[in-house]
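Reviewing the structure listed below.
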Amino acid sequence: MRPASVFTSERIDHLFNDPEILNKRLFLYWGDLTDSSNLNRILEKVNPDEIYNLAAQSHVKVSFDIPEYTAEVDALGTIRFLDAIREVGLKPKFYQASTSELYGKVAEIPQDENTPFYPRSPYAVAKLYAYWIVVNYREAYNLFASNGILFNHESPRRGKTFVTRKIVRSAINIKRGIEDKLLIGNLNAKRDWGYAPEYVDAMWRILQQDVAEDFVIATGETHTVREFCDLSFKEVGYEIIWDGEGENEKGFDKTSGKLLVEVSPQYFRPTEVDLLIGNPKKAKEKLGWEPKVKFEELVKIMMDAELK
Ligand code: GDD
């Protein structure tokens with residue numbers, strides 16, 4: 001757990017508050033990827049079979065504002081972890097949360113394990129270092145270390161500042177009259193959005209292999225942010241009619257004419273990743289992994305959970 005002066009366990013409170021689980025099956029430690037000796041101590045104490053390094057400053061837009069911290073955690077944090085494993089002399093399997101953001105300005109469509117990288121944010125550049133240091137430590141020290149190159153994966157637990165959760169929350173709040181309109185950035189960005197629980201299953205499968213390798217995890221479908229808005233607002237009875245272009249684009253309710261969505265350049269990124277679509281063929285062949293939840297169902301799952 002990352003130390004903070006406020007409670008940060010909201011997403012695991014159901015485990016945290018269960019006396020049959022906390023300190024019986026679930027053990028929590030204060031940790032920080034900027035603190036090597038802390039990592040060494042945790043490793044020695046826990047002696048894990050598997051490590052999933054999901055820790056990161058993971059917001060792409062925010063990484064333009066705090067680039068150095070992002071590199072410190074996302075890039076150097078990974079080498080600290082790998083080096084701590086070597087130093088303590090353990091041989092756990094190591095999973096690295098690599099990302100489709102590595103493809104950035106994409107070199108080919110769709111993207112697979114052999115597509116060249118072209119990162120477009122301080123976040124993606126930091127993750128590029130982490131990707132290669134995992135490969136390097138695997139080759140140099142024979143560690144079982146694998147990259148999961150995961151495309152966007154969403155669920156009701158998604159943080160509120162990421163676009164899917166933001167749209168879902170606004171659609172409902174607007175319907176309930178407690179929010180005026182949704183302010184949004186680039187509506188044309190295309191993402192390959194999958195369902196997070198299935199992606200976690202893929203992470204686990206990656207570490208159950210006999211040989212450490214890197215895998216793309218994706219649905220193979222791509223949709224725009226605008227389409228995500230269309231479907232979410234439809235769930236609460238709005239049909240969006242789009243008008244204008246770029247910074248001036250707006251979305252109105254077809255029936256009432258009410259303004260629902262407005263573009264605000266404050267959410268634009270200095271350099272954007274326009275299009276992501278992954279090819280999960282290798283994962284299907286070697287991991288027996290296939291995504292079941294596709295775009296429409298994903299929107300429905302998130303809307304249903306938010307409504308509840
Ligand atoms: N967050 C946000 N807020 N994004 C917006 C908005 C907005 O108001 N309006 C448009 N977008 C666009 C972004 O410009 C981007 O093209 C797309 O929506 C998705 O943005 P995010 O949901 O913030 O996710 P991301 O694609 O940048 O990154 C996420 O997925 C990566 C996996 O590919 C993060 O979870 C990364 O940590 C992860 O690596």
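For clarity, every value in this text was computed on a predicted model and none was experimentally measured. Indexing begins at 1, ligand by ligand and atom by atom, following the structure's order.
- Contact check on R226 versus E249 returns a salt bridge, with a Lys/Arg side-chain nitrogen under 4.0 Å from an Asp/Glu carboxylate oxygen.
- Within 4.0 Å of ligand 1, contacts by protein heavy atoms are made from S58, H59, V60, T99, S100, E101, Y123, L150, N152, R158, T161, F162, V163, K166, I184, G185, N186, A189, R191, V225, Y267, R269, E272.
- Between the side chain of E154 and the main chain of R165, no donor-acceptor pair closer than 3.5 Å is present.
- Listed for the R138 side chain is no donor-acceptor partner under 3.5 Å among the backbone atoms of F144.
- Relative orientation of the Y95 and Y52 rings is tilted, given thresholds of 30° and 60° on the angle between their planes.
- No side-chain donor from either of N188 and T224 sits under 3.5 Å from a side-chain acceptor of the other.
- For E113 and K281, the salt-bridge test fails: no basic side-chain N is under 4.0 Å from an acidic carboxylate O.
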